[in-house]
Amino acid sequence: MRDAYHEELDSIGDSLVEMARLVGSAIGRATAAILDSDLKMAESVIEGDQKVDDLQHDLEGRAIALLARQQPVATDLRIVVTSLRMSADLERSGDLAQHVAKLTRLRYPQRAVPQDLHATILEMGQLAQRLMAKAAEVIVTKDVDLAMQLEQDDDEMDLLHRTLFQHLMDERWKHGIETAVDVTLLGRYYERYADHAVAVAKRVVYLVTGEHADEIQPDIQPDIQPVSGVEGA
């Protein structure tokens with residue numbers, strides 16, 4: 001019985017890794033769709049989010065069943081409770097990738113992103129994908145040091161997010177209000193996606209140590225230079 005119990009705990013971890021990999025792929029494909037106005041790819045991201053939702057629902061059911069049957073304590077209880085919270089972060093990440101794809105569909109056949117912002121949105125999409133890949137690695141390895149790095153990595157996303165606003169506030173902005181709204185939403189989607197990847201990593205820290213990440217290491221301001229290429233940055 002104990003072997004079956006621990007196999008079930010391991011399978012919950014496997015489901016989290018699969019969710020992380022799916023939502024990582026989704027944000028990458030959604031970024032390609034928004035930049036290329038690729039409706040077919042956007043639809044695949046939108047439809048594919050159901051698999052992430054199904055994985056979360058299945059994980060929740062198994063976790064609740066374990067709580068009811070086994071009444072885990074100490075580390076095992078942390079695993080179950082933290083896994084439930086991580087699955088919620090990952091499911092929300094999938095929703096944010098879907099939002100990017102839906103914006104592609106909304107504006108098709110026009111492009112939602114003006115050409116002069118392609119590089120910034122591409123960088124945000126690639127960074128989001130890297131952050132989620134690192135979060136998946138943290139789930140597998142339980143590497144606390146790697147998990148702690150994600151918050152500093154996320155500062156790069158915050159800088160890119162500010163870069164978008166610098167473009168929007170520039171008096172030379174010529175793309176109109178509708179595009180400004182689209183770009184504002186996109187920036188928010190990527191920024192929130194990165195936050196969820198960081199949250200997953202922080203939950204692994206708690207799972208391993210029993211302490212919250214903020215209690216182990218105070219906030220450190222990384223030495224990152226402002227993003228170049230925008231006047232006044």
### Message
For Asp195 and Asp89: C-alpha separation, side-chain torsions, deciding distance, then whether side-chain contact (heavy atoms from CB on, under 4.5 Å) applies.
### Response
CA-CA 9 Å; Asp195 286 346; Asp89 283 311; over 6 Å; no

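- Looking at Val200 and Val138, their side chains never come closer than 4.5 Å, going by heavy atoms from C-beta outward.
- Here the CD1 atom belonging to Ile34 is positioned 4.0 Å from the CG atom belonging to Leu103, to the nearest 0.5 angstrom.
- The closest side-chain heavy-atom distance from Arg78 to Tyr206 is below 4.5 Å.
- Under the rule for a side-chain contact (heavy atoms from CB on, under 4.5 Å), the partners of Thr179 that lie at least two apart in sequence or sit in another chain are Pro114, Trp173, His175, Val183.
- Asp214 has its side chain within reach of Glu151: a pair of non-hydrogen atoms, C-beta onward, lies under 4.5 Å apart.
- By the criterion of side-chain heavy atoms lying less than 4.5 angstrom apart, applied directly or through intervening Ile, Leu, Val, Met, Phe, Trp or Tyr residues, Leu77 is not grouped with Ile64; the two fall into different hydrophobic clusters.
- A salt bridge between Asp95 and Arg92 is present, with a side-chain N of the basic residue lying under 4.0 Å from a carboxylate O of the acidic one.
- In terms of hydrophobic clustering, with Ile, Leu, Val, Met, Phe, Trp and Tyr side chains grouped at heavy-atom distances under 4.5 Å, Leu160 and Met169 are assigned to different clusters.
- By the side chain to side chain donor-acceptor pair (under 3.5 Å) test, Ser87 is found to be paired with no residue, residues two or more places apart in sequence or in another chain being considered.
- In plain terms, the two heavy atoms of Ala213 and Val205 that are nearest each other are CA-CG1, 4.0 Å.
- One finds the CG atom of Leu90 at 10.0 Å from the OG atom of Ser83 (value rounded to the nearest 0.5 Å).
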### Task
Would you sort out whether Glu156 and Leu159 count as a side-chain contact (heavy atoms from CB on, under 4.5 Å), showing the intermediate values?
CA-CA 5 Å; Glu156 296 178 37; Leu159 285 173; 5.6 Å; no

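- Annotation: salt bridge (charged side-chain N to carboxylate O under 4.0 Å, His left out) contacts involving residues 132-148, sequence neighbours excluded, comprise Lys134-Asp153.
- In the hydrophobic cluster analysis, where Ile, Leu, Val, Met, Phe, Trp and Tyr join through side-chain heavy atoms closer than 4.5 angstrom, Ile177 is grouped together with Leu106.
- Taking the salt bridge (Lys or Arg N to Asp or Glu O under 4.0 Å) definition, one finds that Arg188 meets it with Glu191, sequence neighbours left out.
- Met132 places a side-chain heavy atom less than 4.5 Å from the side chain of Tyr193.
- Leu16 CG to Leu55 CG: the interatomic distance, rounded to the nearest 0.5 Å, is 9.5 Å.
- Here the side chains of Met148 and Lys202 are not in contact, with every heavy-atom distance at 4.5 Å or above.
- Using modelled atom types, one side-chain atom of Arg111 and one backbone atom of Leu35 make a donor-acceptor pair closer than 3.5 Å.
- Heavy atoms only, all atoms of each residue included: Leu22 and Val52 are closest at CB-CG2, 4.0 Å.
- Residues Ala197 and Leu150 share a closest heavy-atom pair of O-CD2, 3.6 Å.
- Under the salt bridge (Lys or Arg N to Asp or Glu O under 4.0 Å) criterion, Asp154 pairs with no residue, sequence neighbours left out.
- Pairs engaging residues 90-140 under the ring pair (Phe, Tyr, Trp, His ring centres under 6.0 Å) rule: His99-Tyr189 [sequence neighbours left out].
- The list of salt bridge (charged side-chain N to carboxylate O under 4.0 Å, His left out) pairs with a residue in residues 10-23, not counting sequence neighbours, reads Glu18-Lys51.
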Please tabulate, for side-chain N and O atoms in residues 39-48, each donor-acceptor pair with protein atoms closer than 3.5 Å (sequence neighbours left out).
{"unit_1": "Glu43", "atom_1": "OE1", "unit_2": "Arg105", "atom_2": "NH1", "d": "3.2"}
{"unit_1": "Ser44", "atom_1": "OG", "unit_2": "Arg29", "atom_2": "NH1", "d": "3.0"}
{"unit_1": "Ser44", "atom_1": "OG", "unit_2": "Met41", "atom_2": "O", "d": "2.6"}

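- A distance of 5.5 Å separates CE in Met86 from CG in Leu207, rounded to the nearest 0.5 Å.
- Not a single donor-acceptor pair under 3.5 Å links the side chain of Ser37 to the backbone N or O of Ala33.
- For the atom pair CZ of Arg203 and CG of Leu84, the computed distance is 10.5 Å after rounding to the nearest 0.5 Å.
- Listed by chain and residue number, Ile27 satisfy the side-chain contact (heavy atoms from CB on, under 4.5 Å) test with Gln129 (two or more places apart in sequence, or in another chain).
- Side-chain contact between Leu66 and Ile12 is present, with heavy atoms from C-beta onward closer than 4.5 Å.
- Scanning for ring pair (Phe, Tyr, Trp, His ring centres under 6.0 Å) contacts around Phe165 gives His161, with sequence neighbours left out.
- Between Leu186 and Val113 the shortest heavy-atom distance is CD1-CG2, 3.5 Å.
- Applying the salt bridge (Lys or Arg N to Asp or Glu O under 4.0 Å) criterion to Asp58, with sequence neighbours excluded, gives Arg62.
- Distance CG/Leu168 to OG1/Thr184: 4.5 Å, rounded to 0.5 Å.
- The shortest non-hydrogen separation linking Ala101 to Ala30 is N-CB, 4.2 Å.
- When the ring pair (Phe, Tyr, Trp, His ring centres under 6.0 Å) test is applied to Tyr190, no partner is found at least two apart in sequence or on another chain.
- Closest heavy-atom contact between His196 and Ser93: CB-OG, 3.2 Å.
- Cluster annotation: Leu185 is connected to Leu122 through the hydrophobic network of ILVMFWY side chains, with a link wherever side-chain heavy atoms come within less than 4.5 Å.
- Between the side chains of Asp170 and Gln166, no donor-acceptor pair of N or O atoms lies under 3.5 Å.
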